Amino acid sequence: MGLLWWHWVVLGVVLTLLELAVPAFFLVWFGVGAIVVGLAVVALPGLPLAWQCITWIAVSVAFIWLWFKLFKPGFHKTGVGMSKGQLIGEIGIVIRDIRPYERGQIRLQKPVLGDEVWESIADAEIKAGERVKVLGIEGNMLKVDRT
């Protein structure tokens with residue numbers, strides 16, 4: 001006795017619903033693969049069980065590959081430094097004097113990455129109370145200049 005088409009569809013639905021409990025967005029592709037095999041068994045009722053399983057594995061792996069190649073490119077890369085573009089151009093107020101080769105502090109208009117006060121450096125001396133613009137990021141400090 002082989003698997004009937006509706007067995008594959010039920011397996012697909014169960015795997016897809018199981019994805020709600022597992023937040024990896026991975027099981028859904030095995031579920032979709034099972035549904036595709038269920039539709040294939042409807043079209044080809046005499047398909048042997050071995051070919052059904054091979055088709056399920058191949059279709060599931062193909063969906064996973066498509067997900068990571070087409071829809072999630074760069075997913076494997078680290079998130080370190082991803083906010084760099086978010087900070088550049090932000091305006092802030094100097095709250096501790098900045099001198100060349102010495103750190104100062106600025107307060108941004110809105111919190112970025114959970115903080116509104118940042119250590120800062122500049123090429124020229126900037127007194128507390130002056131407005132500055134973020135030019136770049138150097139390590140965990142912001143490079144700023146007068147606006």
Side-chain angles (χ1 to χ4, degrees), residues 3 5-43 47 49-147:
L3 294 176
W5 69 270
W6 63 268
H7 293 135
W8 284 107
V9 173
V10 168
L11 176 66
V13 170
V14 167
L15 286 172
T16 304
L17 290 176
L18 202 63
E19 184 63 48
L20 296 173
V22 180
F25 204 66
F26 188 74
L27 291 176
V28 70
W29 303 121
F30 288 99
V32 172
I35 293 171
V36 168
V37 172
L39 295 175
V41 171
V42 167
L47 194 63
L49 180 62
W51 281 105
Q52 292 176 22
C53 292
I54 290 170
T55 304
W56 178 52
I57 292 169
V59 169
S60 299
V61 168
F63 277 127
I64 291 169
W65 181 82
L66 281 172
W67 172 252
F68 284 107
K69 274 298 194 194
L70 299 178
F71 299 111
K72 285 290 214 178
F75 180 73
H76 63 283
K77 296 178 184 171
T78 178
V80 174
M82 295 296 285
S83 64
K84 189 173 193 173
Q86 183 180 358
L87 285 170
I88 295 177
E90 287 290 323
I91 304 295
I93 304 277
V94 176
I95 57 174
R96 188 174 74 207
D97 291 351
I98 304 172
R99 294 183 184 85
Y101 309 109
E102 289 184 26
R103 294 181 188 180
Q105 280 188 337
I106 67 167
R107 181 180 308 274
L108 297 174
Q109 294 174 344
K110 60 183 178 183
V112 178
L113 297 175
D115 203 359
E116 60 184 25
V117 176
W118 289 80
E119 295 287 319
S120 303
I121 57 173
D123 292 333
E125 186 172 343
I126 305 173
K127 298 287 186 188
E130 291 188 55
R131 287 173 46 101
V132 291
K133 182 177 185 177
V134 177
L135 301 177
I137 300 173
E138 294 186 9
N140 61 349
M141 294 182 294
L142 304 180
K143 181 157 178 123
V144 297
D145 198 9
R146 290 182 184 91
T147 57

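Computed from a prediction, not measured in an experiment: that's the story for all the values here. Start at 1 with the first residue, then count along the sequence.
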> Could you report the tightest heavy-atom contact between Glu19 and Phe26, atom names first, then the distance?
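Minimum heavy-atom contact is OE1-N, 3.0 Å.
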
> Output every pair passing salt bridge (charged side-chain N to carboxylate O under 4.0 Å, His left out) with a member in residues 133-144, not counting sequence neighbours, ordered by first then second residue.
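Non-adjacent pairs meeting salt bridge (charged side-chain N to carboxylate O under 4.0 Å, His left out): Asp123-Lys143.
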
> Quick one: does Thr147's side chain get under 4.5 Å of Ile91's, heavy atoms only?
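The answer is yes; the side chains approach within 4.5 Å.
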
> Going through the checks in order, is the side-chain contact (heavy atoms from CB on, under 4.5 Å) test met by Leu142 and Ile137?
CA-CA 5 Å; Leu142 304 180; Ile137 300 173; 3.9 Å; yes

> Could you check whether any side-chain N or O of Gln52 sits under 3.5 Å from a backbone N or O of Leu47, counting only pairs where one atom can act as donor and the other as acceptor?
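Side chain of Gln52 to backbone of Leu47, a donor-acceptor pair under 3.5 Å: yes, one is there.
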
> Can you spot which of Phe68, Phe63, Trp67 makes a ring-ring contact (aromatic ring centres under 6.0 Å, His included) with Phe25?
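The residue from Phe68, Phe63, Trp67 that satisfies ring-ring contact (aromatic ring centres under 6.0 Å, His included) with Phe25 turns out to be Trp67.
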
> Indicate yes or no: at least one non-hydrogen side-chain atom of Lys110 is less than 4.5 angstrom from one of Glu116.
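Lys110 does not reach Glu116 side chain to side chain.
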
> Roughly how far, to the nearest 0.5 Å, is CD of Glu130 from CG of Asp97?
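One finds 8.5 Å between CG of Asp97 and CD of Glu130.
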
> At their closest point, which heavy atom of Leu108 faces which heavy atom of Val134, and how far apart are they?
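In this case the closest contact between Leu108 and Val134 is CD2-CG2, 4.2 Å.
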
> If I compare all heavy atoms of Ser60 with all of Gly33, which pair ends up nearest, and what's the gap?
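In terms of heavy atoms, the two residues are closest at OG-CA, 3.8 Å.
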
> Over all heavy atoms of both residues, which pair between Trp118 and Asn140 is shortest? Give the atoms and the distance, please.
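Between these two residues, the closest heavy atoms are CE3-O, 4.3 Å.
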
> Determine whether Arg96 and Glu102 make a side-chain contact, defined as any pair of heavy atoms from C-beta on separated by less than 4.5 Å.
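Not touching, per the 4.5 Å side-chain cut-off.
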
> Can you find a heavy atom in the side chain of Arg131 that is under 4.5 Å from one in the side chain of Ile93?
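Of all side-chain heavy-atom pairs linking Ile93 with Arg131, at least one is under 4.5 Å.
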
> State, to 0.1 Å, how close Ile98 and Ser120 come at their nearest heavy-atom pair, and which atoms those are.
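Ile98 and Ser120 have their closest heavy atoms at CD1-CB, 3.9 Å.
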
> Looking only at heavy atoms, which two atoms of Val117 and Arg107 are closest? And how far apart?
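Looking at all heavy atoms of both residues, the shortest contact is CG2-NH1, 3.5 Å.
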
> Using atom types as modelled and distance alone, determine if a side-chain donor or acceptor of Trp56 lies under 3.5 Å from a backbone N or O of Phe30.
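Such a contact is found between Trp56 side chain and Phe30 backbone.
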
> Look up atom CD1 in Ile54 and atom CG in Leu49, then write down how far apart they are to the nearest 0.5 Å.
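Answer for the CD1-CG pair, Ile54 versus Leu49, is 10.0 Å.
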
> Surrounding CZ of Arg146 (heavy atoms of other residues, nucleotides or ligands, distance under 6.0 Å), is the total greater than 12?
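Counting other residues, nucleotides and ligands, CZ of Arg146 exceeds 12 neighbours.
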
